[in-house]
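Predicted, not measured: the structure shown is a model, and the values here were computed from it. One-based numbering, in listed order, for ligands and for the atoms of each.
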Amino acid sequence: RKGGFSHYMLKEIYEQPQSFYETVRAGIDERVRQMVIKADEITLVACGTSYHTALAFKYLAESLCSIPVRVEIGSEFKYFTPPLRGLVIAVSQSGETADTIAALKMAKARNCPTLAITNMQGSTVTRVADETLLMRAGPEIGVAATKSYTAQLAALMQIVNLRCEGAFDDALSHAHLAIGDVLLQDVREAVNLCSTAEHVFFVGRGAFYPVSLEGALKMKEISYVHAEGYAAGELKHGPFALLTAKTPVVAICTPGPTYGVMASNIKEMKARKAPVIALGVAGDTELAEIVDIFIPIPNTHHLVQVLTTSVVLQLLAYHTACALQRDVDKPRNLAKSVTVE
Ligand code: F6R
């Protein structure tokens, strides 16, 4: 059943070109399109990994198509419900996360139009929400979300694309190829650093900040190595105190408006002796020269880089967990769906 893979998680990581492609190919049906087009504001509610895709959506939607977006953690929303206007989207792979469902019900009670983005047809969120946008990831067995994370991004990026009148059609229809390319990325050197570390930081800016949060979550969840994701500019506001030659920092530094400031942040980390593992575009020799380990990703559209960097971080967490002989598919103390509040 694992199709020759040593774990479901690795099989599911490898299924991502297909699940991303299928989710994009399925498109958005007319009723959901109308709902998205009419929204003046969007609030997303989600937990865990799904919260990270929601946060990536906020960066992309606000910067690329100027829609105001708010992202709320399901378990907070219930007790501290913000004033609500516009469309409310619940993002949940399983469709059964109690906190996300509770938040969705509260949004409905306030008469907001509601949309569920889920991988599970017929799940509770689909029954509560007015409309559903179904991801096509197929069943995910590993406890750690991998292909459901990129399929959520496929669904959310299509919403961005719809609001930008199809500007990203090309990027989205080719993204699965770039995802396929990074599956072959060798991360052994980075695994050696992370599997012998007590703490690892993950940093990025813009949409790569939620990618960093997700990289850290994957790392701690399956390898039990303590990891924290930060917006890169925040490290100097406290966490710098923890940097030593034994705290690797994984930094995402791709071309764009924040490239220069990321490169100077990396130099500051190096000055504090932290080993830096950088994810940058292939051929960026300037970056490769200032870091300890350089992991190249294809030089593609920004949207696609959000996906490819995420997949590399999944591989890093996976191989680190294997090096430490963890129970990758069933990490301790965790359940695949969290049905209690
Ligand atoms: C982490 C992970 C969890 C889930 C979270 C929400 O790998 O899988 O953080 O993302 O429990 O689950 P869903 O998306 O089913 O609502």
#### Entry: Nitrogen or oxygen atoms of V91 and ligand 1 under 3.5 Å apart
no
Ligand 1 to A144, heavy atom cutoff 4.0 Å, flagged ligand atoms 7 (O)
Per-atom filter on ligand 1: closer than 4.0 angstrom to a heavy atom of V143 are 8 (O)
Practice prompt. Check the angle between the aromatic planes of F5 and Y14 and answer parallel, tilted or perpendicular using the 30° and 60° thresholds.
Written response: tilted
among protein heavy atoms, the one nearest atom 5 (C) of ligand 1 is C47 O, 3.7 Å
protein heavy-atom neighbour closest to atom 3 (C) of ligand 1 works out as T49 N, 4.0 Å
among protein heavy atoms, the one nearest atom 11 (O) of ligand 1 is V338 CG2, 4.2 Å
Ranked by distance from atom 12 (O) of ligand 1, the top protein heavy atom is T97 OG1, 3.4 Å
Expected output: side-chain Q305 to main-chain T300 donor-acceptor under 3.5 Å: yes
Open item on the list: If hydrophobic clusters are built by linking Ile, Leu, Val, Met, Phe, Trp and Tyr wherever their side-chain heavy atoms come under 4.5 Å apart, do V200 and V187 end up in the same one?
Closed with: yes
- Task: For R326 and S223, indicate whether the former's side chain and the latter's backbone hold a donor-acceptor pair under 3.5 Å.
- Result: yes
Closest to atom 7 (O) of ligand 1 among protein heavy atoms sits E221 OE1, 2.7 Å
With heavy atoms and a 4.0 Å threshold, my read on which part of K218 contacts ligand 1 is side chain
Closest heavy-atom pair, L134 versus T23, reported as atoms and distance to 0.1 Å, is O-CG2, 4.5 Å
> Would a distance-only check, ignoring hydrogens and angles, find a side-chain to backbone donor-acceptor pair under 3.5 Å from D292 to V276?
Replying inline: yes
shortest atom 15 (O) of ligand 1-to-protein heavy-atom contact is with S94 OG, 2.6 Å
Quiz prompt | contact_flag T146 ligand 1 heavy-atom lt 4.0 Å | solution = no
Smallest heavy-atom separation, A46 atom then V91 atom, equals CB-O, 3.5 Å
Counting from 1 in the order shown, the ligand 1 atoms closer than 4.0 Å to a non-hydrogen atom of S92 are 13 (P), 14 (O), 15 (O), 16 (O)
Of all heavy-atom pairs linking S92 and T97, the shortest is OG-OG1, 3.7 Å
